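Data first, discussion second: the structure below is written as structure tokens.
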Amino acid sequence: MDNKWAKVIIHASAFIMPVLIPVLFWLLSSEQEIKRISIQALLFQGVMWILITISIIFSFLIIGIPFLIVFGIMTFVVPIIGIVKALMDENWNYPIVGRWV
């Protein structure tokens with residue numbers, strides 16, 4: 001499979017199967033770039049869900065509502081940015097977790 005379309009599928013997996021697809025690509029791909037993007041996508045989804053959960057808890061104290069809005073938007077917008085960058089064949093790292101991998 002072409003690297004470009006593999007990256008698009010990995011980024012788009014955030015809307016369908018945010019855990020299964022990156023894990024499958026990580027296990028089945030022999031290319032380091034695809035493995036790196038898969039781990040980043042998986043870590044990003046995990047971090048965002050942790051942050052959203054914390055924001056929901058703090059929403060009862062009112063201070064979590066702005067964070068909940070920002071993290072909720074990021075969960076949908078960031079994968080779309082990744083899809084666009086992959087379609088343009090540009091290297092792109094996820095925010096927050098991009099430097100971890």
Side-chain angles (χ1 to χ4, degrees):
M1 178 182 289
D2 186 19
N3 274 351
K4 177 169 94 172
W5 291 107
K7 291 177 189 177
V8 169
I9 291 169
I10 292 167
H11 293 306
S13 72
F15 305 115
I16 305 164
M17 292 182 240
V19 174
L20 182 63
I21 291 175
V23 169
L24 287 176
F25 272 92
W26 183 74
L27 291 172
L28 299 176
S29 179
S30 60
E31 298 190 29
Q32 287 302 106
E33 180 70 15
I34 299 301
K35 286 184 177 280
R36 187 179 64 79
I37 294 293
S38 297
I39 292 295
Q40 282 189 16
L42 188 61
L43 284 173
F44 179 77
Q45 289 300 319
V47 167
M48 292 310 296
W49 284 108
I50 289 168
L51 292 173
I52 287 171
T53 302
I54 292 168
S55 297
I56 289 170
I57 293 167
F58 283 134
S59 291
F60 294 112
L61 302 173
I62 307 288
I63 61 172
I65 294 173
F67 292 114
L68 184 59
I69 293 168
V70 169
F71 297 144
I73 291 170
M74 281 181 68
T75 302
F76 290 101
V77 172
V78 169
I80 292 171
I81 294 169
I83 292 168
V84 171
K85 295 290 186 175
L87 287 172
M88 295 186 326
D89 276 334
E90 293 180 22
N91 287 335
W92 183 76
N93 291 316
Y94 277 87
I96 302 170
V97 298
R99 295 182 184 158
W100 297 353
V101 180

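Predicted, not measured: the structure shown is a model, and the values here were computed from it.
Using a 4.5 Å heavy-atom cutoff, the side chains of I37 and H11 are in contact. Counting heavy atoms from C-beta outward, Y94 and I39 have side chains that stay 4.5 Å or more apart. Side-chain contact between Q40 and N93: present, with at least one pair of heavy atoms (C-beta onward) separated by less than 4.5 Å. Put simply, the side chain of L87 reaches to within 4.5 Å of the side chain of W5, judged on heavy atoms. For the pair Q45 and P79, the minimum side-chain heavy-atom distance is below 4.5 Å. By the 4.5 Å heavy-atom criterion applied to side chains, K7 and K85 are not counted as neighbours. Looking at F15 and I80, their side chains come closer than 4.5 Å, going by heavy atoms from C-beta outward.
Expressed to the nearest 0.5 Å, how far OG1 of T53 lies from CG of L68 amounts to 9.5 Å. Atom CD1 of I16 is separated from atom CD1 of I21 by 5.5 Å, given to the nearest 0.5 angstrom. The line from CD1 of I56 to CG of L51 is 11.0 Å long, rounded to the nearest 0.5 Å.
Environment of CH2 in W26: sparse, with no more than 12 heavy atoms of neighbouring residues, nucleotides or ligands closer than 6.0 Å.
Scanning both residues, A41 and I10, for their nearest heavy atoms gives CB-CG2, 3.7 Å. The shortest heavy-atom contact between F44 and P95 is CD1-O, 3.6 Å. Residues G72 and F76 approach most closely at O-CD1, 3.2 Å, considering heavy atoms.
When the side chains of ILVMFWY residues are joined at heavy-atom separations under 4.5 Å, either directly or via intervening members, W49 and V23 end up in a single hydrophobic cluster. In terms of hydrophobic clustering, with Ile, Leu, Val, Met, Phe, Trp and Tyr side chains grouped at heavy-atom distances under 4.5 Å, L28 and V19 are assigned to different clusters. Under the 4.5 Å side-chain heavy-atom criterion for grouping Ile, Leu, Val, Met, Phe, Trp and Tyr, I81 is connected to L42 within one hydrophobic cluster. Cluster membership for V47 and I57, using ILVMFWY side-chain heavy atoms within less than 4.5 angstrom, is not shared. In the hydrophobic cluster analysis, where Ile, Leu, Val, Met, Phe, Trp and Tyr join through side-chain heavy atoms closer than 4.5 angstrom, L24 is grouped together with M17.
Looking only at atom types and distance, the side chain of E31 has a donor-acceptor partner in the side chain of N3 under 3.5 Å away.
Taking the six-membered ring where tryptophan is involved, the planes of F67 and F71 are essentially parallel, since the angle between them stays under 30° and well short of 60°.
Note on residues 61-74: no pairs pass side-chain hydrogen bond (donor to acceptor under 3.5 Å, both in side chains), not counting sequence neighbours.
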